[in-house]
Amino acid sequence: MHNELSKAQKVWLTVQKIPIGKVASYGQIADLAGLPGRARLVGKVLGQAPDNMKLPWYRVLRSSGQLAFEAGSPQAEKQKGLLQEEGVVVLKNRVKISQFGWQPNLGELLEMQF
DNA sequence: ACAGTGACAAGTC
DNA sequence: AGACTTGCCACTG
């Protein structure tokens, strides 16, 4: 048995909260999900997430704004396309956090009780 | 138990 | 800016 579903669910629920046209870092999602220091776990569970569930995985990137995938890779290109559909500018495989970074307000934080 | 791993992060040069 | 190092800590075999 793997009751990891509990952690994965927290991550998925948190990622769902990222507004359209905004992005968040792996570490930020981990913190908001109540899993401080588990940035790498966030990436892992996103990769395990079934693609049928509408999960905006592409709104999650590194704290530097870099996409997690190698520039030019199929995954990176797909992520770039999905972000640009939402108006997020992706240049050199990176997004300007200062412009598109998600800053959850108090209301959004209150919604996040698991 | 233990060593290797990872869609990361922060610091140093 | 780009490359490298260290810290991180649960997951996996």
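Just so it is clear, the model here is predicted, and its values are computed rather than measured. Letters go in sequence order (proteins before strands), and every chain restarts at 1.
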Practice task
Starting from P on dA1(C), measure out to CG on Leu91(A) and report it in whole angstrom.
Solution key: 13 Å
Exercise for the section: Would you check if Lys17(A) and Trp102(A) make a side-chain contact, meaning some heavy-atom pair closer than 4.5 Å? Expected result: yes
Problem - Distance, rounded to the nearest Å, where Leu35(A) contributes CG and dC8(C) contributes P - result: 18 Å
Problem - Joint cluster assignment, Met53(A) & Val60(A), ILVMFWY side-chain distance < 4.5 Å - result: yes
Handout entry: From dA10(C), dA7(B), dA1(C), nucleotide with atom closest to Ala68(A) side chain
Key = dA7(B)
Practice task
For Ile97(A), enumerate each residue passing the side-chain contact (heavy atoms from CB on, under 4.5 Å) test, keeping only those at least two apart in sequence or located in another chain.
Solution key: Val23(A), Leu61(A)
Practice task
Report which part of the nucleic acid Gly47(A) touches: base, sugar-phosphate, or nothing (heavy-atom distance under 4.0 Å, all strands).
Solution key: base
Exercise for the section: May I ask you to say whether Glu86(A) pairs ionically with Arg59(A), meaning some side-chain N is under 4.0 Å from a carboxylate O? Expected result: yes
Practice task
Find the distance Gln66(A):CD to dA10(B):P and express it as a whole number of Å.
Solution key: 15 Å
Handout entry: Which residues share a side-chain contact (heavy atoms from CB on, under 4.5 Å) with Gln66(A), sequence neighbours left out
Key = Arg62(A), Ser64(A), Asn93(A), Arg94(A)
Exercise for the section: When you get a sec, tell me which of dA9(B), dC11(C), dA7(B) is the closest nucleotide to the side chain of Leu46(A)? Expected result: dA7(B)
Handout entry: Nearest-angstrom distance from the residue atom OH of Tyr26(A) to P of dA10(C)
Key = 20 Å
Practice task
Under 4.0 Å between any heavy atoms, over every strand shown, what does Arg40(A) touch: base, sugar-phosphate, or nothing? Just pick one.
Solution key: base
Completion exercise
In whole angstroms, the gap separating P of dA9(B) from CG of Leu61(A) amounts to 9 Å
Exercise for the section: Choose from dA7(B), dA10(B), dG2(C) the nucleotide whose nearest atom is closest to any side-chain atom of Ser63(A). Expected result: dA10(B)
Completion exercise
Arg62(A) atom CZ is separated from dA3(C) atom C1', nearest whole Å, by 13 Å
Handout entry: Between dG2(C) (P) and Lys92(A) (NZ): distance, integer Å
Key = 9 Å
Exercise for the section: Specify the separation, in whole Å, of atom CG of Leu41(A) and atom C1' of dA9(B). Expected result: 15 Å
Practice task
Using only side-chain N and O atoms of Ser25(A), determine if any of them is under 4.0 Å from OP1 or OP2 of dA9(B).
Solution key: yes
Practice task
Determine: side-chain N/O of Lys44(A) to OP1/OP2 of dT5(B), distance under 4.0 Å, yes or no.
Solution key: no
